[in-house]
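To start, the structure itself, in structure tokens.
Numbered from 1 within each chain, the chains take letters A, B, ... in sequence-line order. What you see below is based on every heavy atom in this structure, not just the backbone, and it leaves out hydrogens, waters and symmetry mates.
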2 protein chains.
Amino acid sequence: MVGSPSSIRIAERREASRREIVDAAWEVAREHGLAALTLRLVAERVGMRPPSLYSHFDSKHAIYDAMFGQAWLEYEQAVAAEMAAPPRAPRETVHRVARCVFDFSTADLARYQLMNQRSVPGFEPSAESYAPAVRVLDAAVAQVESFGVTDRGAIDILLALIGGMVDMQLANDPGGDRWSQLLDRAVDMWADAVGLPPDPPGAADPSHSDGA
Amino acid sequence: MVGSPSSIRIAERREASRREIVDAAWEVAREHGLAALTLRLVAERVGMRPPSLYSHFDSKHAIYDAMFGQAWLEYEQAVAAEMAAPPRAPRETVHRVARCVFDFSTADLARYQLMNQRSVPGFEPSAESYAPAVRVLDAAVAQVESFGVTDRGAIDILLALIGGMVDMQLANDPGGDRWSQLLDRAVDMWADAVGLPPDPPGAADPSHSDGA
DNA sequence: GTCTATACTGTGATAGAC
DNA sequence: GTCTATCACAGTATAGAC
């Protein structure tokens with residue numbers, strides 16, 4: 001009976017319920033903090049009793065895992081859209097991708113903690129949920145290497161630099177733009193150090209980024 | 001009776017008990033994760049029943065607060081010792097302080113999460129516990145400014161760069177040295193960008209750092 | 001298959017005896 | 001100061017209604 005019309009409808013309904021639960025979990029995490037997520041609050045938001053959540057997820061960690069996978073999938077799509085744009089000069093590309101990463105990361109503290117910090121004790125993402133994280137990193141490395149920067153150490157430093165800017169923004173100026181305004185400058189500092197040539201005059205000025 | 005010999009002895013004993021509890025809390029946090037800290041495990045380690053902890057701390061958050069303050073105090077002492085060393089050339093000083101910060105931060109994930117990440121929902125450090133954090137930042141800023149780098153944006157970028165290196169090391173290579181080995185290079189990148197002159201030949205080579 | 005009802009364990013916290 | 005007793009609520013698990 002696998003694949004029959006009814007089983008497909010059922011599978012769709014199940015997936016919709018799972019998505020509804022995950023969305024509610026994100027709301028709770030944003031409001032109360034990632035580690036303060038409770039099944040009771042999630043269930044309340046979707047109109048269920050807490051034990052009913054176990055019909056859709058094996059455990060609380062399984063909900064975290066679904067959140068983790070969804071977040072990295074959205075992140076991958078955002079970065080991929082930025083990198084798939086019409087070919088641009090190297091510096092402008094690095095600037096725009098860095099801005100994309102920065103904005104995505106600083107937009108949601110709970111999401112950033114789940115994706116990049118080991119904030120939930122005992123939680124380890126499953127292989128499936130972790131896959132997009134690996135893909136987006138590989139794509140970013142390949143992109144930078146295509147500009148002639150083949151030194152992996154230089155790429156690691158760029159990742160640290162962008163990540164550090166995000167951290168500072170979130171920890172020391174949440175909701176502000178103190179480090180956001182410095183992002184282009186920091187990226188240029190790295191680009192100069194690795195010898196990335198200045199963009200030709202025709203290229204767009206990276207300072208047009210909104211800096212949100 | 002305040003200040004009488006007996007009250008002093010009592011206060012000392014109280015402080016010793018508080019310290020014993022905080023030390024036990026650190027052990028639990030390191031073993032099980034910061035957010036997995038439970039009063040039961042702490043009490044067990046100091047040979048008490050959980051409610052007895054409330055004789056020394058008003059709440060679990062008060063224990064977190066004492067841990068936070070102690071960590072930043074130790075951090076301040078470590079950095080101050082590095083900066084109070086005999087006058088050195090600007091670059092070498094920045095390298096050594098960066099290494100000091102990096103090693104201290106990467107030595108203990110739980111401590112780093114409590115000090116720099118908003119990992120515990122609802123926890124806000126008290127003014128007293130936060131004071132050393134402000135002091136150590138001010139001292140670092142003053143140190144860098146004494147080298148002629150008065151642009152606060154440049155200093156913010158340096159802080160982000162070092163913090164990002166720590167984050168990457170902790171998140172992507174815990175226990176390893178992948179980003180530790182890149183630290184001197186990253187700091188030089190920043191020093192070049194802000195125009196910090198090369199150290200005179202007589203100065204020590206920063207590459208002698210152990211990179212642990 | 002999905003949800004409800006109920007119960008078990010563990011956690012932060014309080015009250016009161018000694 | 002430390003203990004016992006207790007509470008409210010968390011995550012988790014199972015049994016059973018529909």
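- One interatomic measurement links the two molecules: CZ of A:Arg49 to P of C:dT6, which rounds to 12 Å at whole-angstrom precision.
- Among the protein residues, A:Thr38 comes within range of the sugar-phosphate backbone only, with heavy atoms under 4.0 Å from sugar or phosphate atoms but none that close to a base.
- When the P atom of D:dT12 is taken as reference, atom CG of A:Leu39 falls 6 Å away, rounded to whole Å.
- Considering only side-chain atoms of B:His56, the nucleotide from D:dG11, D:dT2, D:dT4 that sits closest is D:dT2.
- Phosphate contact (OP1/OP2 of D:dT12, side-chain N/O of A:Tyr54, threshold under 4.0 Å): present.
- One finds the CG atom of A:Leu159 at 8.5 Å from the CG atom of B:Asn172 (value rounded to the nearest 0.5 Å).
- The interatomic distance linking B:Glu44 (CD) with C:dG12 (P) rounds to 13 Å, in whole Å.
- For the pair B:Ile21 CD1 and D:dG1 C1', the interatomic distance rounds to 11 Å; values are reported in whole Å.
- When the C1' atom of C:dT11 is taken as reference, atom CD1 of B:Ile63 falls 13 Å away, rounded to whole Å.
- Nucleic acid contact class of A:Leu53 (heavy atoms, under 4.0 Å, all strands): none.
- B:Arg14 comes within 4.0 angstrom of the backbone, heavy atoms only, and of no base.
- Classification of the A:Tyr75-A:Trp72 ring pair by plane angle, with boundaries at 30° and 60°, yields perpendicular.
- We find that A:Arg91 and A:Asp184 are not joined by a salt bridge, their nearest charged nitrogen and carboxylate oxygen being 4.0 Å or further apart.
- Between C:dA13, D:dT12, D:dT2, one nucleotide has an atom nearer to the side chain of B:Ser55 than all others, and that is D:dT2.
- Across all strands shown, B:Ser59 has heavy atoms under 4.0 Å from sugar-phosphate atoms exclusively, and none from any base.
- Each of B:Pro51 and B:Met48 was assigned the nucleotide of DNA chain D with the nearest heavy atom; the assignment lying further toward the 5' end belongs to B:Met48.
- Put simply, the side chain of A:Arg111 gets close to the backbone of A:Phe104: a donor and an acceptor are under 3.5 Å apart.
- With rounding to whole Å, B:Lys60 atom NZ is found 18 Å from D:dC9 atom P.
- Regarding A:Arg40, its CZ atom lies at a distance of 14 Å from the P atom of D:dA8, rounded to whole Å.
- Judged by distance alone, with hydrogens and angles left aside, the side-chain atoms of A:Gln169 form a donor-acceptor pair with the main-chain N or O of A:Trp179 at under 3.5 Å.
- Remark: P of C:dT2 and CZ of A:Arg18 are 11 Å apart, rounded to the nearest angstrom.
- Closest to the side chain of A:Ser52, out of C:dC3, C:dT11, C:dG12, is C:dC3.
- For the pair A:Leu41 and A:Asp58, nearest-nucleotide mapping onto DNA chain D gives the more 5' position to A:Leu41.
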